[in-house]
Amino acid sequence: MSLNPLQSARALTLPSREAMLYREPSVEQFWNTNQDLLSHAWQEWEVDQKDDLLPLDSSLLDKDLRNAVTQAWQDPTKELAVQDLLQEVASDVFRFQFFDPKRLADLRDYLESVWDAQIPLRPPYGIVLNRRGAMLDSRSEGYLAAPSFQTFYRQMIDMYMRPIARMLFPEIIGYDDQAFGFSIHYRPNTDNSIRPHTDASAVTLNINLNPPDALFTGSTVDFYDSETGKMKGITFTPGSAILHRGKVVHAAQPITSGERTNFVLWLFGEQGRLPSQGAQPIPVDANERWTLPTTAPDDYAPF
């Protein structure tokens with residue numbers, strides 16, 4: 001009896017951690033060979049789980065953010081209601097509430113169902129070989145191709161991340177029509193930190209997924225503050241997000257207890273183009289910020 005796509009995907013054997021870490025040719029071959037199979041498996045999984053899966057929609061987001069963003073899309077001149085929700089916690093580094101903390105357990109339950117699906121997912125081994133992380137964007141090999149998740153992922157980027165980033169950093173316009181995303185999971189003694197680095201993005205949105213009862217210690221994110229010339233540590237609270245230019249140096253300090261899970265979303269231009277290092281903010285009309293890009297997604301992936 002022939003196997004269906006979901007059964008076939010579950011029967012696959014992932015390349016070894018060492019092979020992925022050293023990016024051996026067999027790893028790329030594995031993902032390319034099984035690309036269509038994995039996509040069909042996620043579609044089948046979603047149909048099979050439709051009665052048990054949480055609907056992914058804007059109700060998961062912070063109510064004040066959702067209302068302010070909806071108002072801005074209807075009338076961009078009212079975008080100041082969005083800006084009022086943003087707190088500058090270091091030079092050009094902004095924190096705000098993205099997800100409703102009361103709904104984070106539901107979102108985490110969805111992600112646990114994804115892991116329990118036993119469909120191979122590619123970890124984000126461009127930064128570290130993170131064991132419980134996954135690629136989120138369709139430009140990536142082995143990405144989370146469940147259709148409802150992909151719709152939600154695009155909504156986070158198109159309806160929220162891009163216009164808010166344009167409001168804060170207008171020089172990114174023209175360098176923000178392509179997107180990239182991954183999840184990352186920190187736990188002591190395994191994947192517990194990331195050294196100082198910059199991102200290959202025009203702008204980065206880092207969103208915490210820990211419900212209020214999923215406590216952790218350590219794991220601050222340090223950002224270089226150009227005003228003080230020092231690194232400043234920022235702690236994630238449940239469902240909070242940090243938005244910053246990709247060129248800002250930052251690092252994740254070791255987590256000492258508990259676990260931390262985040263979505264990390266990037267924006268950049270076609271084929272990875274970024275604003276020049278000295279690009280200055282330019283005046284932009286609000287109506288230009290609250291628009292969708294017309295450029296089709298390309299196939300460039302930073303890692």
Side-chain angles (χ1 to χ4, degrees), residues 57-104 152-179 181 199 201-209 221-228 232-250 262-269 274-275 278-293:
D57 55 36
S58 62
S59 68
L60 295 171
L61 274 64
D62 175 72
K63 181 180 179 181
D64 291 339
L65 178 67
R66 182 173 68 247
N67 290 342
V69 166
T70 298
Q71 178 178 263
W73 275 104
Q74 294 169 348
D75 182 357
T77 64
K78 296 181 178 180
E79 67 179 8
L80 288 180
V82 179
Q83 193 161 353
D84 287 343
L85 301 175
L86 313 177
Q87 176 190 11
E88 189 171 14
V89 291
S91 299
D92 290 335
V93 177
F94 294 85
R95 181 170 56 192
F96 59 100
Q97 194 65 32
F98 194 88
F99 286 117
D100 179 352
K102 296 177 181 178
R103 299 296 310 280
L104 281 169
F152 182 61
Y153 168 72
R154 293 308 319 179
Q155 182 186 46
M156 287 192 290
I157 289 171
D158 291 338
M159 305 305 292
Y160 290 85
M161 179 184 180
R162 185 181 293 105
I164 294 174
R166 287 176 168 184
M167 186 170 59
L168 297 172
F169 312 122
E171 78 278 3
I172 72 167
I173 294 180
Y175 301 92
D176 63 353
D177 51 0
Q178 306 293 320
D199 297 334
S201 68
V203 65
T204 295
L205 180 66
N206 196 333
I207 316 170
N208 178 251
L209 306 182
V221 181
D222 293 349
F223 289 90
Y224 177 75
D225 191 319
S226 60
E227 291 188 359
T228 65
K232 182 174 182 180
I234 310 298
T235 300
F236 280 105
T237 55
S240 65
I242 296 176
L243 185 70
H244 61 91
R245 292 184 177 95
K247 64 184 180 182
V248 175
V249 176
H250 55 288
N262 283 51
F263 285 153
V264 181
L265 311 180
W266 291 0
L267 295 177
F268 43 75
L274 302 176
Q280 298 297 314
I282 55 176
V284 176
D285 184 82
N287 289 287
E288 188 175 353
R289 286 191 278 271
W290 297 87
T291 58
L292 296 175

| Check: Phe169 and Phe94 side chains under 4.5 Å, non-hydrogen atoms | yes
| message | Within the 4.5 Å heavy-atom criterion, are Ile164 and Leu86 side-chain neighbours or not? | response | yes
| said: Could you check whether any side-chain heavy atom of Asn262 comes within less than 4.5 Å of a side-chain heavy atom of Ile207, counting everything from C-beta outward? | reply: no
| task | Compare all side-chain heavy atoms of Asp199 with those of His250 and state whether any distance is below 4.5 angstrom. | result | yes
| remark: Between Leu85 and Ala68, the two heavy atoms sitting closest are CD1-CB, 4.1 Å
| said: With a 4.5 Å cut-off on side-chain heavy atoms, are Phe223 and Val89 touching? | reply: no
| task | Please report the closest heavy-atom contact between Leu274 and Ala202, naming both atoms and the distance. | result | CD2-N, 3.3 Å
| request: Give a yes or no on whether the backbone of Ser240 and the side-chain of Arg95 come within a donor-acceptor separation of less than 3.5 Å. | output: no
| Any side-chain heavy atom of Arg289 sitting closer than 4.5 Å to one from Pro76? | no
| Under 4.5 Å between any side-chain heavy atoms of Asp92 and Val248, yes or no? | no
| query | What's the shortest heavy-atom distance between Ala241 and Phe98, and which atoms? | reply | CB-CB, 3.9 Å
| Any donor-acceptor N/O pair, Trp73 side chain to Met159 backbone, under 3.5 Å | yes
| task | Start with the C-alpha gap between Val82 and Phe96, add the side-chain angles, then the distance that decides, and say whether side-chain contact (heavy atoms from CB on, under 4.5 Å) holds. | result | CA-CA 10 Å; Val82 179; Phe96 59 100; over 6 Å; no
| When you measure from the side chain of His244 to the backbone N and O of Ile242, does any donor-acceptor pair fall under 3.5 Å? | no
| message | I need the full list of side chain to side chain donor-acceptor pair (under 3.5 Å) pairs touching residues 156-170, with sequence neighbours left out, sorted by first then second residue. | response | Arg154-Asp158, Asp158-Arg162, Arg166-Asp176, Arg166-Thr291
| Any donor-acceptor N/O pair, Gln97 side chain to Phe99 backbone, under 3.5 Å | yes
| message | Can you give me the closest heavy-atom contact between Pro238 and Pro101, atom names plus distance? | response | O-CG, 3.8 Å
| Note, Met156 side chain near Leu205 side chain (heavy atom, < 4.5 Å) | no
